[in-house]
2 protein chains.
Amino acid sequence: MTKREEIIQIGARLFSKRGYAATSMRDLAREVGMEPASLYNHIKSKQDILDDCLMMLAQLYADSMQKASELDLSALQKLERVIHDQIDISLTHPTKVSLIPAEWVHLEKSKQQFIGIRNHYEEGFKQLLLQSIAEGDIRKVNIELTTFSILSTLRWLHNWYDVEGQLSIDELKNELTQNLIEGIST
Amino acid sequence: MTKREEIIQIGARLFSKRGYAATSMRDLAREVGMEPASLYNHIKSKQDILDDCLMMLAQLYADSMQKASELDLSALQKLERVIHDQIDISLTHPTKVSLIPAEWVHLEKSKQQFIGIRNHYEEGFKQLLLQSIAEGDIRKVNIELTTFSILSTLRWLHNWYDVEGQLSIDELKNELTQNLIEGIST
DNA sequence: CCTACCGATCGGTAGG
DNA sequence: CCTACCGATCGGTAGG
């Protein structure tokens with residue numbers, strides 16, 4: 001891991017714990033183990049760290065939706081894929097994912113791009129739901145409400161899973177996917 | 001509305017938009033229409049505003065659970081009550097509710113009390129699920145996962161509802177409650 | 001409710 | 001990667 005990656009990882013942890021605005025570069029330097037001024041040999045700015053965290057995740061979500069759309073599967077199976085991918089992303093990058101709900105507002109240059117990717121993802125999700133209804137695999141649910149409900153649950157996963165030692169990742173995937181899908185299946 | 005209430009309401013709106021730490025008392029004073037120093041004739045501190053917002057909500061949630069528990073109803077009906085109450089609270093105090101996920105960490109004196117009330121509420125929710133299973137009204141679901149899934153959806157509601165002009169409040173209550181409960185009913 | 005102001009801390013730069 | 005430092009801004013107080 002490069003020093004830059006280490007700084008970004010520790011930064012994500014601090015941002016996650018105290019919030020972006022309330023974390024100072026002095027706090028970060030202390031945790032990394034260097035003087036505040038030295039951080040700037042590895043990163044351009046505080047904003048640079050947030051940017052790196054959130055845009056990296058945005059890319060993962062976009063890739064997930066893109067790949068799923070290209071598969072030769074039913075819409076419901078594609079839906080299960082993107083749900084599994086979201087669970088994987090949440091468990092692989094929990095601290096970065098925890099920044100999404102609250103800290104994306106502090107993005108500057110990348111903010112519009114981030115919003116664009118997020119909207120595109122949600123649009124793709126709704127399309128998969130619509131298709132699944134058309135294919136007869138799920139009931140005629142309210143698309144907006146169901147999308148919002150499923151994505152809310154997935155967005156909050158990082159806050160919940162690490163507190164719980166009961167379920168393995170695969171059990172979680174199965175239980176959670178079933179929980180989210182079964183309620184709307186035909 | 002007293003001046004204090006006005007300051008707190010505008011404060012909640014700014015905290016909600018930019019975050020607690022990133023909102024300055026100068027920003028707030030400008031929006032309220034007075035000099036920064038004058039705010040302190042109505043509030044004790046910046047923290048005082050956050051405290052007021054979050055503890056007021058905590059009280060509403062606690063009251064909701066308390067009242068539901070005293071009713072002569074099935075556990076499932078009690079569950080529907082607290083879900084309805086949460087929807088009401090989210091729609092009545094959307095900006096204050098939006099502070100919960102990210103800004104409770106900035107509480108100081110009240111933080112432990114806030115966490116206590118939240119944990120007590122979640123415990124009550126799980127108990128209602130358990131009882132509903134015992135009473136044969138819902139399937140033998142994973143309690144932790146189902147609690148987390150329902151509460152996540154409700155917690156995110158404020159972010160979603162105002163963007164949507166389709167559903168009336170009562171339609172929302174019915175559709176959402178059905179969506180949350182139906183998937184786990186027997 | 002305002003003017004005037006305080007010490008502390010902020011993100012970041014210069015220069016080596 | 002460090003020492004030394006900058007201008008800006010912060011939450012809040014004194015005194016009227």
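Proteins get letters first, then strands, A, B, ... in listed order; numbering begins at 1 in each.
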Side-chain atoms of residues 21-29 of chain B: list all donor-acceptor pairs with protein atoms under 3.5 Å, sequence neighbours left out, distances to 0.1 Å.
residue : atom : partner : partner atom : Å
B:T23   : OG1  : B:L14   : O            : 3.4
B:T23   : OG1  : B:G19   : O            : 2.7
B:S24   : OG   : B:R26   : N            : 3.3
B:S24   : OG   : B:D27   : N            : 3.0
B:S24   : OG   : B:D27   : OD1          : 3.4
B:S24   : OG   : B:D27   : OD2          : 3.3
B:D27   : OD2  : B:R18   : NH1          : 3.0
B:D27   : OD2  : B:S24   : N            : 3.1

Atom NE2 of B:H42: over 12 foreign heavy atoms under 6.0 Å: yes
Heavy-atom neighbours of A:R155 CZ exceed 12 at 6.0 Å: yes
Sugar-phosphate, base or nothing in reach of A:K3, heavy atoms under 4.0 Å: sugar-phosphate
Interface with DNA chain D, restricted to residues 26-41 of chain B and to heavy atoms under 4.0 Å: B:R26, B:A37, B:Y40
In one Ile/Leu/Val/Met/Phe/Trp/Tyr side-chain cluster, 4.5 Å: B:L73, B:L128: no
Single-linkage hydrophobic cluster A:L130~A:M65, side-chain heavy atoms < 4.5 angstrom: yes
Close residues, residues 4-18 of chain A, relative to DNA chain C [heavy-atom separation under 4.0 Å]: none
Contiguous pairing runs of three or more, Watson-Crick or G-U under 3.5 Å, that involve DNA chain D: C:1-16 with D:1-16
Do [X] and [Y] pair up side chain to side chain, a donor and an acceptor below 3.5 Å, judged on atom types alone?
X	Y	result
A:S16	A:S98	yes
A:Y20	A:Q47	yes
A:E123	A:N119	no
B:Q86	B:Y121	yes
A:S152	B:T153	no

Gap between atom CD1 of A:I43 and atom CD1 of A:I49 - 0.5 Å precision: 3.5 Å
Covered region of DNA chain C, 5' end to 3' end, by chain A [heavy atoms, under 4.0 Å]: C:dC10 to C:dT13
Side chain to side chain contact (heavy atoms under 4.5 Å, CB included) against A:E135, all qualifying residues, sequence neighbours excluded: A:S74, A:A75, A:Q131, A:D137
